[in-house]
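Lettering of chains follows the sequences in order, A, B, ..., and the numbering in each one begins at 1.
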Protein chains: 2
Amino acid sequence: MAANLRQVAERAGVSVRTVSNVVSGFALVAPETRERVQRALDELGYRPNAAARHLRGGRSGLIALVIPEIASPYFGELAGHLADEAEKRGWTMLVQQTGGDPRRERELLDGVHGQAVDGLVMSPWALSPADLRRRPDAAPLVLLGEQDADGLLDHVVIDNVAAARQLTGHLIATGRTKIAAIGPQPHLTNGTAAQRLAGYRQALSEAGLPADPALEVPVAHLHRSDGAAAMRELLSAGTAVDAVFCFSDQLALGALHAAAGHGLRVPADLAVAGFDDIEDGRFATPALTTVAPDKVAIARAALDCLAARLTAGGGPAPARHVVAHQLEVRASTG
Amino acid sequence: MAANLRQVAERAGVSVRTVSNVVSGFALVAPETRERVQRALDELGYRPNAAARHLRGGRSGLIALVIPEIASPYFGELAGHLADEAEKRGWTMLVQQTGGDPRRERELLDGVHGQAVDGLVMSPWALSPADLRRRPDAAPLVLLGEQDADGLLDHVVIDNVAAARQLTGHLIATGRTKIAAIGPQPHLTNGTAAQRLAGYRQALSEAGLPADPALEVPVAHLHRSDGAAAMRELLSAGTAVDAVFCFSDQLALGALHAAAGHGLRVPADLAVAGFDDIEDGRFATPALTTVAPDKVAIARAALDCLAARLTAGGGPAPARHVVAHQLEVRASTG
DNA sequence: CTGAAAGCGCTAACAT
DNA sequence: ATGTTAGCGCTTTCAG
């Protein structure tokens, strides 16, 4: 069943070279020869051996997606788009989970699957920009999210500061004045949460509202349970709040759940907004206001980046690729 | 940076054979030699070449997860467990999406990534059992879900009939009598929906309740929007309903959303239950009653299956592997 | 236009 | 205990 080039060549009465040419459609082959070879190919059900091609050509056709967890809806949706885009470019995508563990991030950065990967798309959680730059593996790397890597590494981002400012501005525009922020992650080197916090503060300051530390609730992770816990913390502390900006939709869904548990009506008593535009948010009760990053564009930008690095010249200098986002106002903020 | 065995051997003043032995920890090597080789290995930063190993040994260390879409929460959660379990077994997992397209399912079944995969875990959607059996690729295959493949293919399932019966029984036990079923998929060869429907009907019949065709609402897909549309259809048709059993949590979340849109209170006016126990369901408002398949056990069973097939003997005969499930009663059914 | 053959890096059978 | 070498399947240089 697994025929190789030599067997096909024998059957067609030609040399391996000619069969290879037919298979790759590369050089000139006489039409009659081509037909004969093609028949042999079909009859034997020839399928090129990826390992041999890889060994010979140095390209595996594999790219790795390295993320904290694939079960998280945001990464799940992104992975879907990345897989689609990878396929269009002839790549197969493998998935590696880090769980946000710095050792595991290091390990994968140093070589996924025995270096058998043409490129990496990574969302680091724990590793610093300096750590990220230091790696023995030569495979091109593109980061997802704000790493502030001094422009030495490709990364794809949205303008988190602007987006957070817009969203907070929207909450203010609906008349809210005591707006909490759930989601700062001071323990992480990943700069995303910091930027969203900055945008939030900017909006408050622009509106002449005070920045109250009691309204900024840090979280360890971005799971729904963390959002719920943060919300309960806020409510049980008796802090006056009329809106919550959560730094992810997952946090917001948790917050929504906790708010309902406290008998609060959303948005009448409390406005809740998230970030990421995951599908759950659209069907939450009430539907969640959020910032929608253009996920397809993120996937495209990341893979275009890798593709550019794999061209002969190595492509342009590493850059920060900013992708569009949009404010999605839904029922949860009235 | 990318040193090979020969370079290491030269540096250590030994043969490639010895270096290979040290690397794989295989045969007996004199301690002093071993140490010298190890130093050379470290100094040159040697890392084995996966392509060469694969070509030589016939094992790529790759397994493929072939599913309709990774962005779906159920598959996302499952993929997370599969990636974890794969890693424990020394495999790297790649993901291929079919979108439920029969041509694409066929194509992937015939060989993922140029056959460079040691095994496949697949959730077929459109291909019939007969189609599934006919394939040129020799890589072991294990199916997720009910394929009724005449015992000729390995597949991992939960007892869908029993689970659906239990869940419907629970709805009946809470006093509901007009129980709709959202989710039959008569157009699919995948038998999962059919089994859940069977379990639902069994429970009704056991309780002496009539099976009303108007209460069985088929869906094209399992997205939240399909659940919402089905729920709206049911409500606008004026059918009397006091409970809905949705064949997936996604459908149920959509139904919940639509019910809220119609001003119905859940569970007071309407009980809603799902299937799959995705995280969204736990944090929905109200929290969703559901059937929780043991996803970790599913991942383990699938990979154990592949591992068994890859042993010398080819492992035991193909089988249907039944994994445990549990009824999770939450607020949505009172 | 087609054939012969080198060689990618590794493992393992065969030597010593 | 260690050295030598064939060969996995493919692409591509060199001949013709």
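In this structure, the NE2 atom of A:H54 is 20 Å from the P atom of D:dC8, given to the nearest Å. Separating the CG atom of B:L41 from the C1' atom of C:dC10 is a distance of 14 Å, rounded to the nearest angstrom. Taking atom CZ of A:R34 as the reference point, atom P of C:dT2 lies 9 Å away to the nearest angstrom. In this structure, B:N21 places its CG atom 14 Å from P of C:dC10, rounding to the nearest Å. One atom, CZ of B:R6, and another, C1' of D:dT4, lie 14 Å apart when rounded to the nearest Å. Across the protein-nucleic acid pair, A:N4 atom CG and D:dG9 atom P stand 5 Å apart, rounded to whole Å. Remark: C1' of C:dT2 and CZ of A:R36 are 11 Å apart, rounded to the nearest angstrom. Going from atom CZ of A:R17 over to atom C1' of D:dG16 covers 12 Å, rounded to whole Å.
Between B:E32 and A:G57, the one whose closest nucleotide on DNA chain D sits nearer the 5' end is B:E32.
Between B:R89 and B:E85, at least one side-chain nitrogen of the basic residue sits less than 4.0 Å from a carboxylate oxygen of the acidic one, meeting the salt-bridge criterion. Note on B:D154 versus B:R309: salt bridge recorded, some NZ/NE/NH1/NH2 to OD/OE distance being below 4.0 Å. A salt bridge links A:D110 with A:R106; the closest basic N to acidic carboxylate O contact falls under 4.0 Å.
When each of C:dC10, C:dT2, D:dC10 is scored by its nearest atom to the side-chain atoms of A:V29, the top-ranked nucleotide is C:dT2. Taking only side-chain atoms of A:S15, from C-beta outward, the nucleotide of C:dT2, D:dG3, D:dC10 with the closest atom is C:dT2.
For D:dG9, the OP1/OP2 oxygens have no side-chain nitrogen or oxygen of A:N49 closer than 4.0 Å. Checking the phosphate oxygens (OP1, OP2) of D:dG3, a side-chain nitrogen or oxygen of B:T18 falls inside 4.0 Å. Listed pair B:S20 / C:dA12 fails the phosphate criterion, with no side-chain N or O lying under 4.0 Å from OP1 or OP2.
Residue B:V16 is classed as a base contact, given a heavy-atom separation below 4.0 Å to a base.
For the atom pair CG (B:L108) and CG (B:L120), the distance works out to 8.0 Å, reported to the nearest 0.5 Å.
For the residue pair B:H221 and B:E69, no side-chain donor N or O sits within less than 3.5 Å of a side-chain acceptor on the partner.
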